[in-house]
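Just the heavy atoms: all of them, side chains too, but no hydrogens, waters or symmetry mates, feed the values below.
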Amino acid sequence: MKKLYFTLAFAIGLIMALGGCSQSSSSENSDKKVVKVALSDEVNPPFLFTNDQNEPVGYDMDYLKQLEKSFRNTNLNIRLGKKKQIW
């Protein structure tokens with residue numbers, strides 16, 4: 001039950017953070033918005049970890065990919081790292 005509450009709280013917090021971090025993109029598609037998403041590089045399976053190609057995978061990445069699909073006019077710029085290194 002605690003995992004459910006944690007997951008729901010994480011999802012709500014992520015949606016609120018994404019809503020406040022959007023900006024216009026000056027690249028190829030000027031009509032699309034770019035949302036920067038910063039995630040800790042701390043390994044926390046099954047939520048977030050890296051595969052053999054050093055790509056982030058896990059529940060968090062699956063959720064962000066589905067979120068990006070649901071917002072058609074938005075591109076997610078996902079970065080992993082320590083707080084000072086991310087941006």
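- In terms of heavy-atom proximity, K32 sits nearest to R72 at NZ-O, 3.5 Å.
- Residue E68 comes nearest to N75 through the heavy atom pair OE2-CA, 3.4 Å, listed as atom of the first residue, atom of the second, then distance.
- For the atom pair CG (L48) and CG (D62), the distance works out to 10.5 Å, reported to the nearest 0.5 Å.
- Linking Ile, Leu, Val, Met, Phe, Trp and Tyr residues whenever their side-chain heavy atoms come within less than 4.5 Å leaves Y59 and I78 in two separate clusters.
- With hydrophobic clusters built from ILVMFWY side chains whose heavy atoms lie under 4.5 angstrom apart, L76 does not share a cluster with F47.
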